Amino acid sequence: MSVTVGVVVFPGTNCEHDVVEAVARAGGEARTVWHADRRLTGVDAVVLPGGFAHGDYLRPGAIARFSPVMAAVEELARAGGPVVGICNGFQILTEAHLLPGALQKNRGLAFVCAPAELEVVTDRSVLTAGVAVGRRLRVPVNHFEGNFTCDPSTLAELVDQDRIVLRYVHNPNGSVADIAGISNEAGNVVGLMPHPERASDPLLGSEDGLVLLAALLASAGAPMASPRSGAPPVPSDGSGSGAFGAVAAAAT
Amino acid sequence: MSRFAALVEVRLRPGIADPAGTTIERSLAALGFADVSGVRTGKAIRLEVEADDAAAARSRVEELCRRFLTNPVIEDALVSLEEQAR
Amino acid sequence: MSRFAALVEVRLRPGIADPAGTTIERSLAALGFADVSGVRTGKAIRLEVEADDAAAARSRVEELCRRFLTNPVIEDALVSLEEQAR
Amino acid sequence: MGAGRSGPPADGDDPGPAPDVALHRGLGLTDSEASAIEALLGRVPNHLELALYAVMWSEHCSYKSSRVHLRRLPTEGPGVLVGPGENAGVVDAGGGIAVALRIESHNHPSAIEPYQGAATGVGGIIRDIFTMGARPIALMDPLRFGPLDDERSRWVAAGVVAGIAGYGNAVGVPTVGGELVFDQAYAGNPLVNVLCVGLLPVERLVLGRAGGVGNLAVLLGSATGRDGIGGVSVLASAGFTDDVVAEEAKRPNVQVGDPFEEKRLIEACLQLLDEGLVVGIQDLGGAGLACATSETASRGGVGMDVDVSAVRRREPAMEPWEVMTSESQERMLAIVTPENLGRVLEVCGRWEVAASRVGVVTAGGRLRILDGWGGEVLADVPAASLHEDAPLYDRPRRAPADRGARAADDPGRLPAPEDPGKDLEMLLVDPAWVYRQYDHQLFLNTVVAPGGDAALLRLHAPGVPGGDGRALALSADGNGYWCAADPRAGTAAVVAESALNVACVGARPVAVVNCLNFGNPEHPEVMWQLSEAIDGMAEACRSLGLPVVGGNVSLYNESAGADIDPTPVVATLGLVEELRSPPPGVGLVAGEVVLLVQAPGAAPSLGASQWAVRLRGHRGGRLAPLDLAAHRRLVEVVVGLVAAGVPGGVHDVAGGGLGVALAEMAIASGVGARVAGVDGHVGLFGEAPSRVVLSVPPGRVGEVIDAVVAAGLEAVELGTAGGERLVIEGLVDRGVDGLRQAAARVLPDALGAVGSA
Ligand SMILES: Nc1ncnc2c1ncn2[C@@H]1O[C@H](COP(=O)(O)OP(=O)(O)O)[C@@H](O)[C@H]1O
Ligand SMILES: [Mg+2]
């Protein structure tokens with residue numbers, strides 16, 4: 001039975017097509033979900049993809065977190081369903097307080113688009129379930145604000161609770177403790193700066209991202225065996241719809 | 001109701017690294033500004049708010065800062081207010 | 001010599017488009033802040049300068065703004081100054 | 001609707017104040033242009049009308065100094081679906097997919113506000129592409145700045161790169177390549193060219209034209225402000241002076257880009273096109289609404305009534321002429337039928353794109369500007385006259401007086417370097433510091449990323465079906481040194497290099513676009529350079545079978561009276577029928593044979609070479625000859641070998657000569673080589689077209705040489721790849737890692753610390 005991943009599109013998101021395509025390569029199905037939708041019906045997992053939601057104006061994720069869809073995402077997350085934020089998606093998850101910390105400007109004060117060597121730190125997350133701890137993966141990064149920052153007590157908690165999911169072998173952005181990705185306590189909400197979808201085809205130089213996406217599909221398809229929560233993902237049941245933000249169209 | 005103009009200064013909290021400030025400071029000496037130091041960068045946001053009085057205006061802007069204009073993990077805000085002539 | 005603390009507000013000149021301000025303003029209504037308008041974004045830079053007196057300090061900071069902190073083509077700067085206790 | 005009070009505004013009864021001389025001159029019109037307008041209208045134009053002509057007849061919009069020459073370029077070929085004249089050229093890529101491409105300059109705005117100047121350049125070129133119905137999938141940025149030891153040039157370079165990154169990354173179009181040159185010639189006037197490529201299903205091709213009387217013109221996107229008023233006439237069409245007052249006057253013309261608005265515009269417009277909701281669509285670029293309304297109308301052979309009061313504004317109290325000529329960014333004009341208006345507004349609403357009906361298509365070919373439907377007629381001119389009647393100048397041309405002396409001053413007579421290895425190191429610059437700041441991977445297309453000879457992309461994009469294994473290649477190339485020495489031969493060599501770059505990634509070159517960056521056309525030497533360059537380009541393109549499907553002319557690139565080096569930039573599109581695995585790329589494979597493949601009798605010259613100009617400050621000499629027929633055969637041989645997967649590494653020999661080519665291959669792969677037979681520093685650094693270095697497995701050298709010889713070319717066995725040193729016997733012996741570090745350091749050292757608040 002194929003797993004369906006909902007890929008949320010905010011105005012300004014740009015990696016949604018790439019994630020849909022890579023999920024298909026990993027053996028799943030994906031469809032886009034519009035940010036103004038209040039339901040996530042028929043979706044086993046959610047990915048918040050990369051891009052520049054609302055232009056990243058004010059701060060990355062600051063405006064997007066108020067989108068109507070985020071209530072449903074939060075509900076899914078609380079019910080133990082897999083929620084993964086990639087890059088801008090990670091930024092949105094921290095702004096929405098689904099993950100701790102913040103993503104600041106890269107230490108080098110420049111955007112970085114480059115391949116990165118990652119190390120899997122835990123298998124207790126929906127993105128790394130079944131992946132050998134210590135395994136090295138080559139997955140590109142592409143961000144300006146990817147420097148993960150948190151206070152020392154949060155960092156201690158992340159370490160103690162085994163919530164650092166991925167680390168950079170060579171830190172590209174100044175991120176504390178070389179963190180590339182973290183999870184919530186239950187392991188079902190994961191945020192990471194690298195783009196697994198960009199390492200999904202031999203023509204692109206690496207297929208290592210498929211390792212992570214396949215783990216996500218497996219986690220979503222076997223919710224009972226999901227890393228730390230026994231709770232199956234419950235699709236939210238919001239109601240109504242309506243665009244977020246002012247609809248500025250007008251005929252004169 | 002009156003209209004108040006507010007200036008919100010969004011600052012990095014003490015202890016949070018400010019590479020932009022550091023970079024500016026580092027280049028100052030070469031530019032002949034060795035007398036300048038302690039550079040910290042932040043955002044300046046100007047806006048207007050409708051409220052009954054200055055206290056109400058301030059509390060609205062502070063609420064906006066808390067909910068939206070700052071990320072409390074790394075930032076805080078300083079609000080200054082001025083009543084506008086109508 | 002005294003030490004002065006300066007706050008430099010770097011603003012887009014009037015008439016220059018401010019996409020960030022416009023976008024922030026557009027999202028306010030949905031957040032329940034329909035009473036807020038006229039959002040303009042800029043930079044806030046804090047720094048310290050050594051100078052003989054306030055006038056000298058101000059003129060140094062203004063020179064720094066002109067030469068380095070702003071591009072006068074699209075930006076201007078508002079400087080406020082405060083003498084520091086030693 | 002638009003059936004208001006009719007009649008021209010000044011038909012005898014109310015001519016308004018006669019425009020005085022200062023007015024038209026202030027708008028950038030010459031006295032004879034002003035009389036031509038008066039003759040054309042049969043009356044004195046009012047201020048608004050004069051403003052429309054001033055922007056539309058500017059150099060930027062009308063190409064009045066270059067059109068007579070551009071006609072000599074070959075523009076037709078079997079795959080060409082749309083040639084020059086539209087917003088972008090379109091080439092059939094097979095499998096039902098077409099490629100739209102276009103290049104533009106944003107030189108002058110970038111000189112005074114590097115970040116926003118470059119950013120808005122990116123925004124503008126992207127709009128040209130989705131205007132054609134194509135999904136923009138890639139950008140390139142050929143850049144030229146003053147020297148790295150000049151503070152202002154560093155500020156410009158860092159700002160431009162940040163602006164391209166800031167806009168391109170956020171708008172979601174990857175930047176997959178470009179060029180980077182630092183030279184004194186560009187210190188006062190940098191060159192910021194931007195190229196965009198898009199894909200579309202062939203049947204979705206739309207052209208920027210209005211049709212159907214009664215159809216509506218809907219303005220989409222940002223509100224209109226005073227920014228960029230008269231930008232084309234003032235900023236793009238006049239050089240820089242030391243005059244502070246003049247600089248101040250240009251300032252308001254700098255605009256701030258909004259990539260978020262542009263992203264929503266792309267999505268909204270592509271959805272409108274997918275749903276078949278628009279008759280025609282046109283971006284607003286130079287000359288704003290004046291250009292978009294008159295251009296769509298005149299292309300469609302119709303007229304248009306425009307209600308200037310219906311245009312959403314960002315600022316109060318704007319005059320009609322300001323609204324009509326504003327160059328506010330991120331706006332599009334869609335022509336829609338009245339029945340579709342509702343759905344159009346719905347689609348725009350979903351993407352939070354503002355849309356307002358500002359015009360209606362009329363019969364009779366007049367462009368009328370009204371103050372409210374049925375309101376006062378503020379301007380009434382023949383729409384087509386704004387384009388077709390623009391003046392055409394055949395400006396005087398004269399070869400520079402020192403031409404002969406300069407050619408005779410051969411840098412081959414300069415003393416040979418004591419340590420050629422040191423010179424080699426100084427010629428190496430790794431542009432990675434630039435392209436690491438660009439998202440170059442979005443859409444999962446990038447098979448060869450920046451750093452190779454050409455970008456290689458899968459022919460694949462959201463909303464564009466098919467592709468089935470096809471790929472496209474792109475390379476942007478220019479060489480101001482060559483073109484200054486000999487604009488005709490230099491430009492031909494640039495075309496040749498560009499085609500060969502594309503071949504090196506296994507693609508067959510099929511078409512080119514060009515951006516002609518030149519000085520002040522009122523200088524006869526500049527007009528001579530322009531004319532010669534166009535002839536060189538025409539000749540090379542004809543011989544290589546490359547139609548020119550679009551271009552842009554940027555004149556008045558001068559500062560304080562000094563013109564830039566003539567710098568035509570050529571971008572070549574190549575196609576791959578079936579891409580099974582990535583091409584070998586720039587590199588060496590240990591144990592393989594290093595082969596130089598070249599046109600017979602290649603004679604490298606130090607004239608106008610990187611070595612002579614950059615290291616010795618010597619700009620004289622002659623270029624090595626180019627045999628276009630042999631070059632065409634070389635391109636074919638290289639495409640064949642790469643497609644067949646024969647070599648383990650490929651790189652063309654371009655600027656810096658054989659030494660630089662070998663060093664770049666060694667650095668890219670971390671593999672050294674030992675080669676012999678390089679003839680002194682002239683052999684090491686001399687430049688000549690039609691040369692490629694291959695790394696070939698020993699067992700396949702015979703077959704490569706056979707193919708090369710059969711094509712009437714020659715192959716020279718240089719040596720063997722392997723080890724950690726690059727040894728060029730008698731000349732160079734350097735560690736590969738040292739060379740790599742030297743190259744990698746240049747840009748971060750110079751630009752990494754250019755802090756901005
Ligand atoms: N400004 C730039 N932006 C992006 N990529 C660049 C830029 N400048 C150079 N590059 C990339 O670096 C590589 C080397 O450039 P260049 O030396 O001009 O190549 P070539 O000599 O083969 O034409 C190319 O892949 C090119 O696309
Ligand atoms: Mg090359």
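Each chain gets a letter, A, B and so on, in the order the sequences are listed, and its residues count up from 1. Only a predicted model underlies this, so the values are computations on that prediction, with no experimental measurement involved.
Within the 4.5 Å cutoff, side-chain heavy atoms of B:Lys43 are placed close to those of A:Arg59. In this structure, B:Val73 and A:Thr149 have side chains that are not in contact, with every pair of non-hydrogen atoms separated by 4.5 Å or more. Contact check for A:Leu58 versus B:Ile45: side-chain heavy atoms found under the 4.5 Å cut-off.
Other residues, nucleotides and ligands contribute more than 12 heavy atoms inside 6.0 Å of the CZ atom of B:Arg58. More than 12 heavy-atom neighbours from other residues, nucleotides or ligands sit within 6.0 angstrom of CD on B:Glu63.
The distance from the NE2 atom of A:His97 to the CG atom of B:Asn71 is 7.0 Å, given to the nearest 0.5 Å. One distance of note links CZ of B:Phe68 with CD1 of A:Ile63; it measures 4.5 Å at 0.5 Å rounding. The distance from the CD1 atom of B:Ile24 to the CG atom of A:Leu109 is 9.0 Å, given to the nearest 0.5 Å. To the nearest 0.5 Å, the span separating CD1 on B:Ile16 from SG on A:Cys150 amounts to 9.5 Å.
In terms of heavy-atom proximity, A:Gln104 sits nearest to B:Ala17 at NE2-O, 3.5 Å.
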